[in-house]
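Accompanying notes for the structure given below.
Lettering of chains follows the sequences in order, A, B, ..., and the numbering in each one begins at 1.
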Number of protein chains: 2
Amino acid sequence: MDYKKQLEAYFAEVDEKCLLGLSIDCVIFGFSNNQLKVLVLRWKLTNEWGLPGGFVYKNESVDVAAQRILKERTGLSELFLQQFHTFGEEVRYNRAEISQKLNWPDPSTRKWPNRTVSIGYFALVDFLKVTPSVDFQTDEYRWMDVENLPPLLFDHNHIVEVALKTLQVQLSWQPVGYNLLPEKFTMPELQRLYETILNRPLDPRNFSKKMRALGIIERLEEQRRGGAFKSPYLFRFNKEKYKKALKEGSLAFT
Amino acid sequence: MDYKKQLEAYFAEVDEKCLLGLSIDCVIFGFSNNQLKVLVLRWKLTNEWGLPGGFVYKNESVDVAAQRILKERTGLSELFLQQFHTFGEEVRYNRAEISQKLNWPDPSTRKWPNRTVSIGYFALVDFLKVTPSVDFQTDEYRWMDVENLPPLLFDHNHIVEVALKTLQVQLSWQPVGYNLLPEKFTMPELQRLYETILNRPLDPRNFSKKMRALGIIERLEEQRRGGAFKSPYLFRFNKEKYKKALKEGSLAFT
DNA sequence: ACAAAAGTGTTTGCCTTACACCCATGC
DNA sequence: GCATGGGTGTAAGGCAAACACTTTTGT
């Protein structure tokens, strides 16, 4: 079956099984090479990039739909996943342009209304644990630097901006890092993560003091070797305390 | 035309002109008698209360729809109005029960899917400026104490809870009060507002100091007379500085 | 030995908190 | 004159910010 046929079949199935006019877009943040990355996909047979997304089944909550989409894309479940905004502008993007770029079938054959409201979720994932997979609509995935994204499809650049801003605000009263870093990490790595999200430099002495005072990380005996420099200690999050702080939002980081 | 006919006509119009399966619910907060109030409506010919809400026209952004609904209900425009969450649980409430309580027409005649996703907005309004109006579906409106709401229709109690929590969090990094208080207010009134939202007592000396240090209010020469006690000074917000603080989110109140 | 990055402690000032008495007004 | 609520200052402690040198390791 050629791609166009596949697309038609897919849209027919969406029209039948999913809520009409509603979609989900996921901003999947990862952290690698001291940069905050976003997972983006290249659409089949095009050079166009966009965020992973999908539709909500008729008998499925939107939170579960977001989890499902995330799992399909990253292979991971039980992630930190949070709804952050619903995008319902009258005109979010040029539909004709998108249809043309993506070789979409004639919209007049669809039940779909000529407008989509999209619920934005963001996820924080451990870059190393993720094994993104492509589906029939996707040719390739890539982790791109959040500060240096190309023009994306739809209003996805805007969605990423809003997600990033939400993350920055949350950082000041909730811990961040559990799902973004590997299980064991060094203090400088954690600091780079905070610096990257906040987009400003932090003092390593103050950062270390503050982080350790929060009581959500534990220093291990192990040190990491490998560089021509002093071996850094490894830390890990105390999962219980981290979750507690997350739930209570009781953690001030300024 | 009797009410049932009106309802049928209304639903037919909604099905034709509005986005299907999507609604908006508004939590309209006011402040009066030292209590945080929510505007609730009693549905026509019932004893059931619920939040004001409505639907989104096909050619209307969700933000504009929320503004329109608010204006219809309060007569006010240019309010502080903010999207705070989208409620998309698979089963948000018992549909049969609601239909029965509200005397809704047979749902099988509608295009509407058997499930609605609702975008929640909250508004902060000056209790005194509001002149709520009832529409054909409403018999009565009432300002109810947010801490003492009766069981509301749909999942509206839950929606109010989430709105209140959002407001509490926002209070710590954005100013609140501009749209909740009259133009001129006294320091104790502002303090009551903060105490009410945060649900804890505050020290009047510290509160006054902190508020005045934030630089968003101005003390007027005037004092308010009327009680058997020392006349309190009147204050007003400096609109420019208030808006700036709102935009930047740069205001810490702990 | 040298380059690269990690680790660490002290001081300063500010912001937060705790706390209690007198004042103005209307009745 | 008395009851009611409004207005105000100070002292102490904790938190955040500024700041620089030594240590470890690999090459």
If you take any heavy atom closer than 4.0 Å to DNA chain D, which residues from residues 212-220 of chain A end up in contact? none
Can you sort out the partners of A:E218 under salt bridge (Lys or Arg N to Asp or Glu O under 4.0 Å), two or more places apart, ordered by chain and number? A:R236
Review item, nucleotides 10-12 of chain C N/O atoms under 3.5 Å of protein N/O:
from, atom 1, to, atom 2, distance (Å)
C:dT10, O4, A:K209, NZ, 2.7

Would you give the length of the straight line joining atom CZ of A:F185 to atom CG of A:L193, rounded to the nearest 0.5 angstrom? 9.5 Å
Kindly give the atom pairs (protein nitrogen or oxygen, nucleotide nitrogen or oxygen) under 3.5 Å for nucleotides 13-15 of chain C.
none

Between P on D:dT8 and CZ on B:F207, what's the gap in Å once rounded to a whole number? 14 Å
Residues within residues 184-205 of chain A bordering DNA chain D, heavy-atom distance below 4.0 Å: A:D203, A:R205
Student check: side-chain heavy atoms of B:R92 and B:S118 closer than 4.5 Å: yes
Sequence neighbours excluded, the answer for side-chain contact (heavy atoms from CB on, under 4.5 Å) partners of A:Q170 is A:F80, A:Q82, A:F122, A:T166, A:Q174
CG on B:D139 to OG1 on B:T46, rounded to 0.5 Å: 7.0 Å
Which is more 5' along DNA chain D, the nucleotide nearest A:F253 or the one nearest B:Y233? Just name the residue. B:Y233
Quick one: closest heavy-atom pair of A:P175 and A:I216, and the distance? CB-CD1, 3.6 Å
Side-chain donor-acceptor pair present, A:D126, A:Y178, cut-off under 3.5 Å: no
Qualifying residues under salt bridge (Lys or Arg N to Asp or Glu O under 4.0 Å), relative to A:E147, sequence neighbours excluded: none
In this structure, how many angstroms lie between the P atom of D:dT8 and the NZ atom of B:K210, rounded? 18 Å
Which pairs of donor and acceptor atoms, one on a side chain in residues 33-41 of chain B, lie under 3.5 Å apart (sequence neighbours left out)?
from, atom 1, to, atom 2, distance (Å)
B:Q35, OE1, B:K37, NZ, 3.2
B:Q35, NE2, B:D145, OD2, 3.0

Under 3.5 Å, is there a donor-acceptor pair linking the side chains of B:R225 and B:S231? yes
At what distance, to the nearest 0.5 angstrom, does CG of B:L76 lie from NZ of B:K71? 8.5 Å
Over how many whole Å does the gap from A:M211 atom CE to D:dC15 atom C1' extend? 15 Å
Does A:K184 make a cation-pi contact with A:F235, if we ask for NZ or CZ under 6.0 Å from the ring centre and within 45° of the axis? no
Can you sort out the partners of B:R205 under side-chain contact (heavy atoms from CB on, under 4.5 Å), two or more places apart, ordered by chain and number? B:D203
Not counting sequence neighbours, which residues clear side-chain contact (heavy atoms from CB on, under 4.5 Å) with A:R200? List them please. A:L198, A:L202
Set of residues satisfying salt bridge (Lys or Arg N to Asp or Glu O under 4.0 Å) with respect to A:E140, sequence neighbours excluded: A:R42, A:R142
Proximity to DNA chain D (any heavy atom under 4.0 Å), residues of residues 221-232 of chain B only: B:A228, B:F229, B:K230, B:P232
